[in-house]
Number of protein chains: 2
Amino acid sequence: MIDDDPLARPHAGPGQREILEAAAIAFTRSGYAATTIDDIAREMGATKGRVYHYYRAKADVFLDVVISGMDEMIAGIQPIAADESLPVETRLWRMVHHHAGLMMTRNSFQRVAVQAVEMHRLREQPAQQKALDKVVAMRDQYEQLFADVIDEGRRGGVFREVDSRLATKPALGALNWISLWYDPQRGDYNTRQRVANEYADFIIGGLRRSPA
Amino acid sequence: MIDDDPLARPHAGPGQREILEAAAIAFTRSGYAATTIDDIAREMGATKGRVYHYYRAKADVFLDVVISGMDEMIAGIQPIAADESLPVETRLWRMVHHHAGLMMTRNSFQRVAVQAVEMHRLREQPAQQKALDKVVAMRDQYEQLFADVIDEGRRGGVFREVDSRLATKPALGALNWISLWYDPQRGDYNTRQRVANEYADFIIGGLRRSPA
DNA sequence: GTCTATATGTGGATAGAC
DNA sequence: GTCTATCCACATATAGAC
């Protein structure tokens with residue numbers, strides 16, 4: 001959801017939450033297709049029955065993980081994007097920094113969200129297509145948060161003359177890619193800071209108006 | 001392969017080539033796990049038998065597609081990276097531009113290669129692990145081509161003081177991401193030029209030494 | 001070399017005991 | 001609400017005809 005409080009999300013019982021955490025880990029480990037419901041159940045020391053009590057199908061579990069991860073991302077970035085008291089450059093820097101941080105600290109959920117984005121172009125089953133369309137819509141809305149800030153910076157002369165919508169692609173691509181190489185087992189707080197800083201500098205630099 | 005001529009690759013018969021092209025399309029459409037051998041066969045107007053005559057298992061087909069895509073990438077970038085007659089900044093710009101181009105023109109193969117990179121962290125089956133390790137090794141070697149150029153630019157004062165190895169992550173992440181959103185059906189030559197230029201400017205800008 | 005069976009294993013989903 | 005038992009579809013891989 002985007003327009004209402006994440007905590008008020010219809011499907012958010014306490015039983016679900018445990019399943020979602022387990023599912024995020026399992027999907028991250030093996031990918032959507034290769035993950036079995038048994039894997040998810042085993043991850044939380046239970047059996048299939050428990051999962052199927054809360055969800056009708058594997059795809060539903062998957063989508064709930066994805067929406068959950070995206071909610072978290074949007075909830076974190078939106079306030080920064082909307083903070084008019086900060087200069088655009090600072091605002092974008094912080095958005096990028098925050099996004100990078102979540103890619104590392106909430107690796108499982110974000111990695112699964114990335115999988116979902118991929119799937120939309122490989123249209124898995126027509127059945128799930130409708131639900132995946134929702135995911136794509138959320139992603140588009142998220143991209144727009146970045147595009148708007150980039151546009152503002154461009155108009156203000158801080159950023160280059162770019163097609164803001166196109167410019168979000170390398171920026172968010174670079175960021176989302178983090179979930180593919182970052183190993184949450186190995187990184188500590190300092191490493192994460194270092195990575196997030198480098199990404200923020202990199203992306204701001206990529207958009208900033210050339211000196212010459 | 002990296003150290004020898006791609007054309008001399010052991011498994012490169014004419015029968016194989018047709019299978020690889022079909023497999024690349026099929027894997028791109030549905031992902032590794034969801035693609036069936038029947039899908040691949042149907043893609044080239046044949047049946048399972050033909051595929052299994054050349055390959056012992058689905059994983060082998062997949063890996064051959066991946067290696068093939070990576071070979072193509074390395075073969076294109078290496079000469080640019082080695083051309084000492086060009087200033088570092090130009091060299092890197094062209095490497096990025098070329099990489100971006102292949103992501104679009106050879107979308108299927110590159111998209112499959114991206115899938116493989118993902119899989120290494122999600123260690124599918126221990127059986128395939130050994131082969132995937134090779135893929136990871138090739139990717140590391142490829143990253144090093146970029147890291148070396150970045151280091152050279154850093155020492156020369158053109159680029160910022162970055163950890164070159166870390167700096168390849170946002171750069172190649174942004175680039176590889178192209179295969180996930182670019183739709184080869186819709187883009188024409190001009191679009192591809194525009195995208196590749198924007199990516200090259202973006203990445204060079206992200207590494208260039210700040211004006212102030 | 002390419003095809004049509006077919007053996008075999010696995011995993012999503014359901015039924016029903018507790 | 002959580003479990004075990006089971007049905008059933010489907011996909012890998014093989015055997016063997018042509």
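Convention: sequence-line order gives letters A, B, ...; per-chain numbering from 1. Note: hydrogens, waters and symmetry copies are ignored here, and every other heavy atom, side chains too, is used.
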Exercise. List the steps, then state whether side-chain contact (heavy atoms from CB on, under 4.5 Å) holds for B/Q193 with B/H97.
Key: CA-CA 9 Å; B/Q193 278 296 334; B/H97 194 273; 3.5 Å; yes

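When rounded to the nearest whole Å, the span between CZ of B/R50 and P of D/dA15 equals 22 Å. Here D/dC10 presents its P atom at 12 Å from NZ of B/K48, a figure rounded to the nearest Å. At whole-Å resolution of the value, OH in B/Y54 and P in D/dA13 are 19 Å apart.
With DNA chain D read from its 5' end, the first of the two nearest nucleotides for A/G45 and B/D38 is the one closest to A/G45.
Here the side chain of B/Y52 is nearest to one of D/dT4, D/dT14, D/dA11, namely D/dT14.
For the pair A/K58 and A/F27, the cation does not sit on the ring face, since its NZ or CZ is not both under 6.0 Å from the ring centre and inside 45° of the axis.
In 5' to 3' order, the nucleotides of DNA chain C bounding all contacts with chain A (an atom under 4.0 Å from a heavy atom) are C/dG11 to C/dT14.
Interatomic distance, B/Y199 OH to B/W177 CH2, rounded to the nearest 0.5 Å: 10.0 Å. Taking CD from B/E143 and CD1 from B/I150, the interatomic distance works out to 9.5 Å, rounded to the nearest 0.5 Å.
The side-chain heavy atoms of B/L166 and A/F202, taken from C-beta on, include no pair separated by under 4.5 Å. A 4.5 Å side-chain heavy-atom check between A/E21 and A/R17 finds at least one atom pair inside the cut-off.
B/T36 comes within contact range of the sugar-phosphate backbone alone, with a heavy-atom separation under 4.0 Å but no base atom that close.
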